[in-house]
Structure formats: C-alpha cells, structure tokens
Amino acid sequence: MTSLEQARELLRAHPVVDGHNDLPWALREQVRYDLDARDIATDQHTHLHTDIPRLRAGGVGAQFWSVYVRSDLPDAVPATLEQIDCVRQLIDRHPGALRAALTAADMEAARAEGRIASLMGAEGGHSIANSLGTLRGLYALGVRYLTLTHNDNVDWADSATDVPKASGLTAFGREVVREMNREGMLVDLSHVAATTMRDALDVSTAPVIFSHSSSRAVCDHPRNIPDDVLERLPANGGIAMVTFVPKFVLQAAVDWTAAADENMRAHGFHHLAATAEAMKVHRAFEESNPRPVATVATVADHLDHMREVAGIDHLGIGGDYDGTAFTPEGLGDVSGYPHLLAELLDRGWSHPDLARLTWQNAVRVLAAAEDVSRDLRSTRSPSHATIESLDG
C-alpha cells in the first residue's frame with residue numbers, strides 16, 4: 001500500500017479537524033451570500049478552495065468555519081452576525097454532509113454519522129466591540145473560538161502585524177481571556193503579537209489554540225509562533241494548527257512578498273491595492289521576479305520542527321483555505337490533506353501520531369475548555385467589566 005493510500009485509509013478513521021476556513025467571507029465577497037450561486041454541494045473549483053465533494057476527498061471530519069470580518073468595517077458586530085448566519089444556512093442546506101457542532105461530543109457524534117462537524121471561530125477581537133456581553137452573545141450563537149486580533153491591533157491586544165501599543169494584553173484584554181475561559185470559548189492566538197501570546201498563556205486556565213499558524217524558527221514571519229511559545233503548550237495543554245499560506249511557511253516567499261509590496265509602494269500604490277493599474281504593476285513585477293512556490297514538504301518541515309519543540313500532542317492543522325490567494329503545490333484546496341499525511345508517513349510519522357494531529361488533539365482541547373468552563377461557572381459570575389473601568 002502506498003503512503004497516499006495509507007493516508008486516505010487513516011483519514012477514514014481519524015479525519016482532519018481543520019482550524020480555519022474562510023469560506024463564509026469568500027461567499028460574502030463573491031456572491032453576497034447567494035448560496036445558489038455557489039452551491040457547495042457541487043464542484044466549485046473555479047471559484048473556491050472549498051466544496052463538499054472536495055472536503056470528502058480530503059478526509060475532513062470537522063471544520064472551524066471562520067466568521068471573519070475586516071477590522072476596518074464600521075459595523076463589525078452585525079457583519080459578524082451575517083457570517084454566523086451564512087454558516088447556519090450552509091448547515092441547513094446540506095444536512096446530509098454537515099452537522100452543527102458546539103461541543104467535543106458533537107464532533108464525535110458527527111464523525112460517527114459520517115458528517116462534517118461544523119464549528120465557528122470569530123477572527124479578530126474587533127468582532128466583540130470591546131464588550132464582554134457581545135463576547136458572550138457570540139458564544140451563545142455557537143462561536144467556539146475568538147482570535148484575539150486580526151492584522152490590526154484592537155484596543156486591548158497587540159497584533160503581530162501592527163505597531164505595538166499595549167505591549168501584549170491590557171487589563172481589559174486579560175479580562176477578555178478570563179471571560180472566554182468561563183464561557184468555554186477557545187483563546188485563539190493566531191495573528192497576535194508574541195507579547196500577546198505570552199500574556200494570554202499567563203492568564204488562560206484553559207488550553208489555547210493557534211488556529212492557523214506555523215513555526216517562526218522555520219520561517220521568520222511575525223504571524224508564526226516563536227519556539228519559546230511553542231515550548232509552553234505542553235503545560236497549557238493547547239495546540240498549534242499549522243497553516244499552509246506560502247508567505248507564512250516559505251522564507252523565500254516572505255522575502256518575495258516584501259519586495260513585491262515595496263515595488264507597489266514605489267509606484268504609488270498601497271501594497272494591497274487591486275485596481276487594474278495596480279495589478280498591472282504587480283504582474284510586471286511577478287514576470288521579472290517569479291513567485292517562489294511552497295510545497296507539501298515545506299509544510300511538513302514546519303510540523304517536524306513544531307513536534308520537536310511542542311510534542312505530538314500539541315499539533316493540529318489549519319489550512320486557511322479561501323482566505324489566501326496562493327497555496328502550496330499538492331495542497332491546492334481542501335482535497336489535499338492526504339498528500340500532507342503521505343509526506344509525514346514517508347518521514348517516519350506513525351499512524352498514532354497522525355491520528356493525534358488530525359483529530360484527537362483538537363477534540364481533546366475543546367473538551368478540556370468545556371471542563372474548565374464548567375468549573376469556572378460554578379465559582380465566577382459573568383464579568384461586567386468595561387474597557388474604561390480597567391484600562392482608563
């Protein structure tokens with residue numbers, strides 16, 4: 001039996017729990033939630049990384065759907081509610097394939113039924129608008145993790161890709177983490193500054209997650225996790241879910257992206273500009289400077305290092321599909337996970353190791369967060385602190 005055949009067989013018993021997929025935002029941007037126009041029951045490869053046939057082919061058994069909204073939106077809370085509504089509509093439209101999941105037990109029940117457990121994660125603290133009541137409201141609607149920041153700082157936490165302001169978490173930010181522990185909402189440390197990672201680990205009594213981050217020692221990008229933080233995961237019980245985005249996993253792609261961004265600015269454009277004129281400049285740069293290509297092996301290099309530092313019980317997968325324009329060779333969409341497992345098998349990873357990576361670690365972490373919540377709710381009332389009362 002080939003490594004790829006072994007990988008597919010293993011995934012039938014221990015499917016992938018993927019920590020982050022931006023399909024809801026892609027549906028908003030492409031068709032304003034017209035789910036008939038992007039029917040994921042059918043092949044959508046010309047528009048999306050994700051549809052049900054390819055989730056099945058990839059061996060996905062549980063998906064955290066990101067209910068991300070941009071941090072510069074003036075109406076982030078209602079926009080987040082629209083994203084939640086999109087996920088609910090997807091589940092309602094495809095009951096044979098998708099099952100709403102709020103708990104670790106729900107995940108196991110979905111696996112037993114042959115359905116894909118569908119969970120939600122909110123990407124960025126701007127989605128709670130500095131309100132602990134809003135945080136609790138998102139939990140009540142089914143959101144099971146909050147990424148503390150996205151690409152920009154929030155008033156109470158520093159992002160990895162913004163100018164530091166809070167030196168990590170403010171007093172209100174620490175209260176957000178405590179309230180997440182009380183609710184049973186996973187603290188997601190992807191996107192946050194290393195100082196924020198360390199502060200959150202100091203405060204959290206429940207396991208944390210990195211829903212889609214890789215190793216900074218292997219690829220020096222601020223979105224990745226430093227080794228000293230990975231070393232703390234065993235004591236915390238959390239997991240780091242490796243991501244596939246080339247500019248986060250391949251150093252040559254990091255350097256290329258920096259040069260491409262500088263070229264855009266030199267021509268008078270914002271580095272993310274997508275107008276016809278801006279794209280003409282970008283295409284000219286890419287023709288002269290071919291984009292470096294990540295591969296399955298690139299991602300496996302991160303997992304090898306992260307296992308060495310954090311241990312096999314603290315790893316997972318978070319591909320970031322439909323949230324990135326570029327993907328590694330062999331991991332072009334959600335059908336690609338077997339290729340990653342085959343690469344790891346060829347590197348000597350055992351079947352029990354891979355079962356932890358794909359399914360067991362993520363389910364354990366959510367169950368542990370539920371246990372912490374049960375204890376805290378018996379001793380701690382909901383917090384009504386405000387950012388003004390704690391941060392001045």
Side-chain angles (χ1 to χ4, degrees), residues 20-35 37-38 40 44-51 65-76 78-80 82-83 86 122-124 126-127 147 149-154 159-163 190-191 212-214 219 221-224 243-294 318-329 331-334:
H20 194 88
N21 184 302
D22 277 303
L23 175 66
W25 184 257
L27 292 170
R28 173 190 168 109
E29 291 287 277
Q30 292 184 22
V31 293
R32 192 62 194 183
Y33 303 126
D34 180 352
L35 303 186
R38 292 286 184 275
I40 65 165
Q44 296 294 322
H45 77 273
T46 58
H47 304 291
L48 300 166
H49 292 143
T50 308
D51 53 50
W65 302 108
S66 175
V67 292
Y68 158 81
V69 300
R70 288 203 327 259
S71 57
D72 60 351
L73 289 180
D75 54 352
T80 301
E82 290 176 357
Q83 290 280 91
C86 175
E123 190 175 19
H126 55 285
S127 287
T147 317
T149 74
H150 190 242
N151 289 335
D152 302 315
N153 297 337
V154 293
S159 167
T161 48
D162 201 350
V163 178
S190 286
H191 277 288
H212 56 309
S213 294
S214 296
C219 180
H221 191 287
R223 270 281 281 106
N224 288 332
T243 196
F244 302 164
V245 180
K247 68 179 180 180
F248 301 152
V249 298
L250 182 65
Q251 191 62 51
V254 175
D255 301 338
W256 184 94
T257 300
D261 291 351
E262 182 55 38
N263 179 68
M264 292 290 279
R265 288 188 286 267
H267 284 82
F269 295 103
H270 186 277
H271 69 280
L272 296 178
T275 63
E277 295 82 2
M279 292 310 295
K280 183 177 179 180
V281 168
H282 185 75
R283 282 192 295 270
F285 177 84
E286 191 163 357
E287 286 174 8
S288 301
N289 305 271
R291 180 184 297 273
V293 177
D320 203 8
Y321 285 116
D322 285 305
T324 178
F326 302 100
T327 55
E329 284 186 355
L331 295 169
D333 58 40
V334 296

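Values below: every heavy atom of this structure, side chains too, minus hydrogens, waters and symmetry copies. This one's a predicted model, so the numbers in the text were calculated from it and none came from an experiment. Numbers here are sequence positions counted from 1.
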| query | Would you call the rings of His150 and His191 parallel, tilted or perpendicular if under 30° counts as parallel and over 60° as perpendicular? | reply | tilted

| query | If only atom types and distance count, is the side chain of His221 paired as donor or acceptor with the main-chain N or O of Arg223 below 3.5 Å? | reply | yes

I'd like to know if the side chain of Trp65 and the backbone of Cys86 have a donor-acceptor N/O pair within less than 3.5 Å.
no

The reported gap from CG in Asn289 to CH2 in Trp256 (rounded to nearest 0.5 angstrom) is 8.0 Å

Between the CG atom in Leu27 and the NE2 atom in His47, the distance rounded to the nearest 0.5 Å is 11.5 Å

The salt bridge (Lys or Arg N to Asp or Glu O under 4.0 Å) partners of Asp162 (sequence neighbours excluded) come to none

Determine, for Arg32 against Glu82, whether the closest basic-nitrogen to carboxylate-oxygen distance falls under 4.0 angstrom. yes

One should read off an interatomic distance between Asp333 CG and Leu48 CG, to the nearest 0.5 angstrom, of 10.5 Å

**Q.** Cys219 and Leu250: CA distance, side-chain angles, deciding distance, side chain to side chain contact (heavy atoms under 4.5 Å, CB included) verdict
**A.** CA-CA 6 Å; Cys219 180; Leu250 182 65; 5.6 Å; no

Around atom NE2 of His45, are there more than 12 heavy atoms from other residues, nucleotides or ligands closer than 6.0 Å? no

Here the gap from Arg70 atom CZ to Asn151 atom CG, rounded to the nearest 0.5 Å, amounts to 11.5 Å

(request) Keeping the roles fixed (side chain from Asp51, backbone from Gln44), state whether a donor-acceptor pair exists under 3.5 Å. (result) yes

Residues Ala160 and Pro222: closest non-hydrogen pair is CB-O, 3.2 Å

Q) Are the side chain of Ser66 and the backbone of Tyr68 linked by a donor-acceptor contact shorter than 3.5 Å? A) yes

Here the gap from Asn21 atom CG to Asp320 atom CG, rounded to the nearest 0.5 Å, amounts to 8.0 Å

Check: Backbone N or O of Tyr321 within a donor-acceptor pair of the His49 side chain at under 3.5 Å?
Finding: no

Nearest heavy-atom approach of Val334 to Thr50 is CG1-OG1, 3.6 Å

**OP:** State, with a plain yes or no, whether a side-chain heavy atom of Asp22 is found less than 4.5 Å away from one of His20.
**Re:** yes

d(Thr243 OG1, His212 NE2) to nearest 0.5 Å is 6.0 Å

- Query: Is the closest side-chain heavy-atom distance between Asp152 and Ser159 below 4.5 Å?
  - Reply: no

Please output the side-chain donor-acceptor pairs of residues 275-287 that fall under 3.5 Å, not counting sequence neighbours, one pair per line with the distance.
residue: Thr275; atom: OG1; partner: Ala278; partner atom: N; Å: 3.2
residue: His282; atom: NE2; partner: Arg291; partner atom: NH2; Å: 3.4
residue: Glu286; atom: OE2; partner: Arg291; partner atom: NE; Å: 3.3

Please step through side-chain hydrogen bond (donor to acceptor under 3.5 Å, both in side chains) for the pair Arg28 and Gln83, ending with a clear verdict.
-> CA-CA 8 Å; Arg28 173 190 168 109; Gln83 290 280 91; 5.5 Å; no

Do the side chains of Pro246 and Val293 get nearer than 4.5 Å, heavy atoms only?
no

With the side chain counted from C-beta on, respond yes when Val254 and Val249 share a heavy-atom pair under 4.5 Å apart, and no when they do not.
no

Close side-chain approach of Phe244 and Pro328, heavy atoms under 4.5 Å: yes

